[in-house]
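What you are looking at is a predicted structure, and each value in this text was computed from that prediction instead of being measured. Letters A, B, ... are given to chains in the order of the sequence lines, protein chains preceding strands, and every chain is numbered from 1.
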Number of protein chains: 2
Amino acid sequence: MSNALEVAQIAGLVGEPTRANMLLALGDGRALPAGELAACAGITAPTASEHLAKLEQSGLLVSVRQGRHRYYRIASPEVGAMLEAVMVVAAGFPRPAARFRVAPELQRGRTCYNHLAGQLGVAICDALVHKNCVAVDGEVAHILPAGLKLLANWGIEVRRMSKHPYCRTCIDWSERRHHLGGAVGIAIHKRCLELKWVEHHLDSRAVSVTRAGRLGFEKAFGIAGAVL
Amino acid sequence: MSNALEVAQIAGLVGEPTRANMLLALGDGRALPAGELAACAGITAPTASEHLAKLEQSGLLVSVRQGRHRYYRIASPEVGAMLEAVMVVAAGFPRPAARFRVAPELQRGRTCYNHLAGQLGVAICDALVHKNCVAVDGEVAHILPAGLKLLANWGIEVRRMSKHPYCRTCIDWSERRHHLGGAVGIAIHKRCLELKWVEHHLDSRAVSVTRAGRLGFEKAFGIAGAVL
DNA sequence: TCCACGCTTCGGTGGTGGCCGAAGCATCTC
DNA sequence: GAGATGCTTCGGCCACCACCGAAGCGTGGA
């Protein structure tokens, strides 16, 4: 009865090609900005905004504002399970288990807006925390004295970054861990490129570690080569 | 892309209160006639017919014509799982386990239209197959000579049932197995009541096995008491 | 054979909602 | 600060589709 209304409301949200497109794009657990989702679905920003608001209001998505972007992701494993169940039915019956995840090369290392993310980004953050260079406190991260010294030796002058928040954390959706964003995160990314420790792939946000990078990350941050 | 279209199509079918109502009414695996489903959803016959045709065409429901009635039921466990997943999300998030699951007493034993279903129905079917009394061939079941004899000794004259199909299988939604329907299934159910091996609950389709039934099923069909 | 009943098909109507352009607000960059 | 970028709100247009009444078709019973 009333149950049917609620069920229909939820299913109806998925039952629109445009919204289904956006949900499927988020199906691997990533968080994507509204603009990218609009492009994904082939619609204009206003329409996407409308749809995303509905999806969030109904609890299918949650969003995080980050600067002038707004990142959306699937709200819970239950929602993911529902999408998967619908896909199984939609795919016709020899249940092809059409499950999908982050592409491997993106999972290893990628840029998140303008800093490093993926396993690489998480490894750098972990290493800095482990060496008492950074203290993570929720969404904010503080550079500790040891961190100032380490980064200075590596070629980054943290003191010259006046802006707030100069170092923040960023939840990594494929790893479900934090990595460093903010000005410090950007500086690290930039320095990695200068040193040619990482290379960008031309047609995606994937980032791969070079041979020099493997040695460098090991020496400067104590990150085992196997992780990279 | 094309994936999203198919997903949206399936979800859209569930995303209409009227259709959701009908699907939920069929959620326990019963088969209901079109007219009853129309009443369930509070719409007229033409509208119901339209909806049911769509649901069947998309593979969510299957129908069986029986005389001038047409019985619809959920097409597959995958569809049931999908509905359940949607209900979990629709029920709000502290996952209240608002299961789209057959109530325990119904799962143990129940009537499916007019024959026995649930664990009890499946156990009887299994036992007859195991004893070479019945051969299951898809949706049809054949009574073998040993079965004629066993049922005759038990008090059922199979030969006097002229109608086709006198014995058919029926997919058991909660058990995901087959049980016996058709005229033979009805006769078995009737005989169980005569012998007082099973009792009906007044306010539901639940069926429970009596003490005499436990002994009787053990002796006549070789069904271990633990199963019941 | 006729009638009763259940389901389906056919037209027509009305409301819901997806979609966009333009304008507004917030944030980042220079 | 000024300009660029990303997202949201507003107003209006249009298509889709759920819904019904009437008529048609098939089955079962008298």
With sequence neighbours left out, what residues match A:E194 under side-chain hydrogen bond (donor to acceptor under 3.5 Å, both in side chains)?
A:R191
Scan A:A45 against the nucleic acid and name what it touches under 4.0 Å (heavy atoms): base, sugar-phosphate only, or nothing.
base
Between protein and nucleic acid, restricted to nucleotides 18-24 of chain C and to nitrogen or oxygen atoms under 3.5 Å apart, what atom pairs and distances do you find?
| residue | atom | partner | partner atom | Å |
| --- | --- | --- | --- | --- |
| C:dG18 | OP1 | A:R19 | NH1 | 3.2 |
| C:dG18 | OP1 | A:R19 | NH2 | 3.0 |
| C:dG18 | OP2 | A:K54 | NZ | 2.5 |
| C:dC19 | OP1 | A:T18 | OG1 | 2.7 |
| C:dC19 | OP2 | A:T18 | OG1 | 3.3 |
| C:dC19 | OP2 | A:H51 | NE2 | 2.6 |
| C:dC20 | OP2 | A:T44 | N | 3.2 |
| C:dC20 | OP2 | A:T44 | OG1 | 3.1 |
| C:dC20 | OP2 | A:T47 | OG1 | 3.0 |

Atom NE2 of A:H69 to atom P of D:dT5: distance rounded to whole Å?
11 Å
The side-chain contact (heavy atoms from CB on, under 4.5 Å) partners of B:H69 (sequence neighbours excluded) come to B:P33, B:Y71
Test: salt bridge (Lys or Arg N to Asp or Glu O under 4.0 Å). Region: residues 52-61 of chain A. Which pairs qualify, not counting sequence neighbours?
A:E56-A:R70
Tell me the interatomic distance from A:L55, atom CG, to D:dC7, atom P, rounded to whole angstroms.
15 Å
Partners of B:T47 by side-chain hydrogen bond (donor to acceptor under 3.5 Å, both in side chains), sequence neighbours excluded?
B:T44
With B:R68 via side-chain hydrogen bond (donor to acceptor under 3.5 Å, both in side chains) - residues at least two apart:
none
Considering residues at least two apart in sequence or located in another chain, which fulfil the side-chain contact (heavy atoms from CB on, under 4.5 Å) criterion with A:A34?
A:L52, A:Y72
Please report the distance, rounded to the nearest Å, between CD in A:Q9 and C1' in C:dT16.
14 Å
Partner set under side-chain contact (heavy atoms from CB on, under 4.5 Å) for A:A53, not counting sequence neighbours
none
Just to verify, what does A:Q9 make a side-chain hydrogen bond (donor to acceptor under 3.5 Å, both in side chains) with, not counting sequence neighbours?
A:S58
Quick one: sort the A:W197 and A:W154 rings into parallel, tilted or perpendicular, breaks at 30° and 60°.
tilted
Please evaluate residues B:L60 and B:M82 with respect to the criterion side chain to side chain contact (heavy atoms under 4.5 Å, CB included), reporting the C-alpha separation (whole Å), side-chain torsions for both, the decisive distance (0.1 Å), and the verdict.
CA-CA 10 Å; B:L60 298 193; B:M82 175 183 74; 4.2 Å; yes
Can you tell me the distance, in whole Å, between the CD atom of A:Q57 and the P atom of C:dG17?
13 Å
A correct 5'-to-3' footprint of nucleotides 25-30 of chain D, with B, S and - meaning base, sugar-phosphate only and no protein heavy atom under 4.0 Å, is --BS--
Report the distance from atom CG of A:L32 to atom C1' of D:dC7, rounded to the nearest whole Å.
15 Å
Could you check how far OH of A:Y72 sits from P of D:dG6, rounded to whole Å?
15 Å
Rounded off to whole Å, could you give me the CZ-to-C1' distance for the B:R70 and C:dT9 pair?
13 Å
Partners passing side-chain contact (heavy atoms from CB on, under 4.5 Å) against A:P17 (at least two apart in sequence or in another chain):
B:L5, B:A8
Please give, in whole Å, the distance from C:dC7 C1' to B:L61 CG?
16 Å
At what angle, to 10 degrees, do the two end axes of the helix from C:dT1-D:dA30 to C:dC30-D:dG1 meet, given five pairs define each axis?
30°
